[in-house]
J.: 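Starting off with a structure, shown below.
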Amino acid sequence: MNFRRLFLIATPYFWLLALFLVPFLIVFKISLSDTAIAIPPYTPTLDLSGGWASIKSFFSELDIENFIFLTEDSLYWKAYLSSLQIAGVSTLLTLIVGYPIAYGMAQSSDSWRPTLMMLVILPFWTSFLIRVYSWIGILSNEGFLNQFLQWIGLTSEPLTILNTNYAVYIGIIYTYLPFMVLPIYSALEKMDGSLIEAAEDLGCSRLSAFWLVTFPLSRPGMIAGCFLVFIPALGEFVIPSLLGGSGTLMIGKVLWEEFFNNRDWPVASAVAVVLLLILIIPIILFQRNEQKQREADQ
Amino acid sequence: MAQPGNKPVFAPWNDPSKKPLIQFKNVTKKFGEFVAIDNLTLDIYAKEFFALLGPSGCGKTTLMRMLAGFENPTSGTILLDGQDIAKVPPNKRAVNMMFQSYALFPHLSVANNIAFGLKRSPMPKQEIPARVEEMLRLVRLEQFANRKPHQISGGQRQRVALARSLAKAPKLLLLDEPLGALDAKLREDTQFELMDIQEKTGTTFVIVTHDQEEAMTVASRIAVMDHGQIIQVDTPDKIYEYPNSVYVADFIGDVNLVKGRIGASDGEKYSINWAEGQPAIKAAGPAGIAPDTECHFAIRPEKVAIAMEKPTDKPNALQGRILDIAYLGNVSTYHVELDNGIIMKAQMANNRRISRRDLTWDDHVWVSFTETAGLVLVK
Ligand SMILES: Nc1ncnc2c1ncn2[C@@H]1O[C@H](COP(=O)(O)OP(=O)(O)OP(=O)(O)O)[C@@H](O)[C@H]1O
Ligand SMILES: [Mg+2]
């Protein structure tokens, strides 16, 4: 075997192993442990100095009790379900908001496109945390939005948006919009304009040409965008804790509380492992979509 | 050429009582400052097979796109059946276009691409599959019906595009280089299919092609374009035999062009002085060219005879030396360098085997032609 080739292949695998698999195994191990008032706050810890016997006793102390606990307390599965719902709904809303933006960008003249692209990615230049904080200023009862609505006379009482699920939706849509816009834009942009002309030539109105040609051809972009929003939104922690209320139940927030408020690392790890298992399905589907797209592009 | 002799001659352009199907009236199209179509006036009649010929970038596609409704003239009007079509959107025109880039829908199968227009026509749903089948058979793609466009070859894609534009049997069909990617045999077959369809359905065809032979074969009339203008519109034989300008003569087929000045003239007969110490060329041309006008004498190579001895029966005979022989199978082209360095091509049919032919390189020969074989061109 060619050494150079082996090296080239081994490098990404090494990083994958170091950055993904090893941390996952550590988390997985913690999820099988028990809480303890110690540093680190769980037992057993692996002590290699004790030799074979201590390794054996280490493994015998691991159990799936934390996973069973997750099924017993309704908080957890409710949090999973509510996370799925919030992530799902906000992905759909992001799609609805993002598609027209991407379409507009793809329709704009060549000289405008770089500017529009810039505007879409501009928010990344400031910290995510600061941007989410600023939404508090916009959405709160005395915030800009309510002031504006009252000023134009649409409402007399301030609307309570902050600390509800609505604020979480708004936060997720705002934060993840570029991840939706960019793949859709790239699908629309590489579409041959003469296809629309051909459709019109064959009897389509503008609108039906859009539905029959543009829309199906942008589907891979939409699918990619949806996954890129859904996957991180599912485990989102910052947005629900800053914008959401006490009633907002998201698994990312539960995870945080288990880790840092309850210091129950084993249960927190179990929550994380289950979250990962839930995400594996959409991640695999996402990879499939990308693969199919690459094949079609050839 | 397109019309067999025993039928009544199809020549509506000579009949003042016939109304053209398409009328371009002083149409100009500008892209910014660039003039793509320059004050063009043109009539195309129903049931014509009209070919547009011209160098790349001369505005052929632009002309088609204006007919299909994708571009509007900057000035001038286009009439279809006597109606100004400027305000009619593409989907409301009884016109179908085959795109130079094919523009096949990548997410639809071959069959669905062909059915696309039919599904948006008044045709009853249950008749569509039969029509699609018919089109697939026509372009010989039956076994590819379920493939996607990216799973077939370039020539097959071209045929799908052709089938798609034919499927709706429109009143006017615009074909932008419909056969360019096909091999010679398939191209010839498809040309005859197209002529057949035209004969059966009475559809008017406007076809862009880079292949003169194709234009000659299929077209009722040919328009030769250059820089957004039409230089000549005529039947294929007229275009070939009576080009109105050096440009057309040079663009269509092979031609010998000799620069000279009008000498003596007698009605439509001129003698052209073309070189010191050489006999003047006697040729026919349009009446009324003033003496001493600069002109070109144009003659097709196949009208130039070549012989070892000086022919006595031809009014024009020039001496030269064979420089080169291009053997093309059925014919050979002899490049003869005349005494003053001008090269004249003469073409002879190879009705004998090579071994029996007597002319060879460096032979001193005579090229000769009759008075009416060539043309005097002043443009
Ligand atoms: N949308 C456009 N914007 C600017 N210039 C254009 C546009 N479309 C065509 N042109 C120009 O107009 C001229 C005519 O173009 P057109 O496509 O009609 O050429 P064509 O005769 O079809 O050439 P070809 O044989 O290469 O297809 C070209 O010089 C082209 O660059
Ligand atoms: Mg063209």
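Just so it is clear: chains get the letters A, B, ... in the order the sequence lines come, proteins before strands, and each one is counted from 1.
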J.: Tell me if a side-chain donor or acceptor on Asn91(B) pairs with a main-chain N or O of Glu200(A) at a distance below 3.5 Å.
T.: no
J.: Taking every heavy-atom pair that is under 4.5 Å apart, which of Ser101(B), Pro106(B), Ala68(B) has the most such pairs with chain A?
T.: Pro106(B)
J.: Please check if atom CZ in Arg131(A) has more than 12 non-hydrogen atoms from other residues, nucleotides or ligands closer than 6.0 Å.
T.: yes
J.: Please say whether more than 12 non-hydrogen atoms of neighbouring residues, nucleotides or ligands are located less than 6.0 Å from CZ in Phe128(A).
T.: yes
J.: Report, as yes or no, whether the 6.0 Å neighbourhood of atom OH on Tyr166(A) holds more than 12 heavy atoms from other residues, nucleotides or ligands.
T.: no
J.: Which bit of Asp192(A) is near chain B, if near means a heavy-atom gap under 4.5 Å: side chain, backbone, both or neither?
T.: side chain
J.: Flag the pair Met97(B) / Glu197(A) as yes when at least one side-chain heavy-atom distance between them is below 4.5 Å, and no otherwise.
T.: no
J.: Which atoms of Arg164(B) are under 4.5 Å from chain A, going by heavy atoms: the side chain, the backbone, both sets, or neither?
T.: both
J.: Other residues, nucleotides and ligands only: do more than 12 of their heavy atoms fall within 6.0 Å of NE2 on His210(B)?
T.: yes
J.: Can you tell which part of Ile196(A) gets under 4.5 Å to a heavy atom of chain B, answering side chain, backbone, both or neither?
T.: neither
J.: Work out which heavy atom in Leu195(A) is nearest to a heavy atom in Phe105(B); give both atom names and the distance.
T.: O-CE2, 3.3 Å
J.: Where on Ala209(A) is there a heavy atom nearer than 4.5 Å to chain B: the side chain, the backbone, both, or neither?
T.: neither
J.: Using only atom types and a distance under 3.5 Å, with no angle test, would you say the side chain of Asn96(B) pairs donor to acceptor with the backbone of Leu202(A)?
T.: no
J.: Where do Cys204(A) and Phe116(B) land on the side chain to side chain contact (heavy atoms under 4.5 Å, CB included) test, with the steps shown first?
T.: CA-CA 9 Å; Cys204(A) 281; Phe116(B) 193 91; 3.5 Å; yes
J.: Side chain, backbone, both or neither: which part of Leu104(B) has a non-hydrogen atom closer than 4.5 Å to chain A?
T.: backbone
J.: So which part of Phe99(B) gets closer than 4.5 Å to some heavy atom of chain A, the side chain, the backbone, both or neither?
T.: side chain
J.: Looking at every non-hydrogen atom in both residues, tell me the closest pair between Leu212(A) and Arg120(B) and how far apart they are.
T.: CD1-NH1, 3.1 Å
J.: How close do Asp201(A) and Val95(B) get, counting heavy atoms only, and between which atoms?
T.: OD1-O, 3.5 Å
J.: For Gln126(B), is the CD atom crowded, meaning more than 12 foreign heavy atoms sit under 6.0 Å from it?
T.: yes
J.: Taking atom CD1 of Ile152(A) as the centre, does the number of heavy atoms from other residues, nucleotides or ligands within less than 6.0 Å exceed 12?
T.: yes
J.: Assess whether atom CZ of Phe124(A) is packed by more than 12 heavy atoms of other residues, nucleotides or ligands within 6.0 Å.
T.: yes
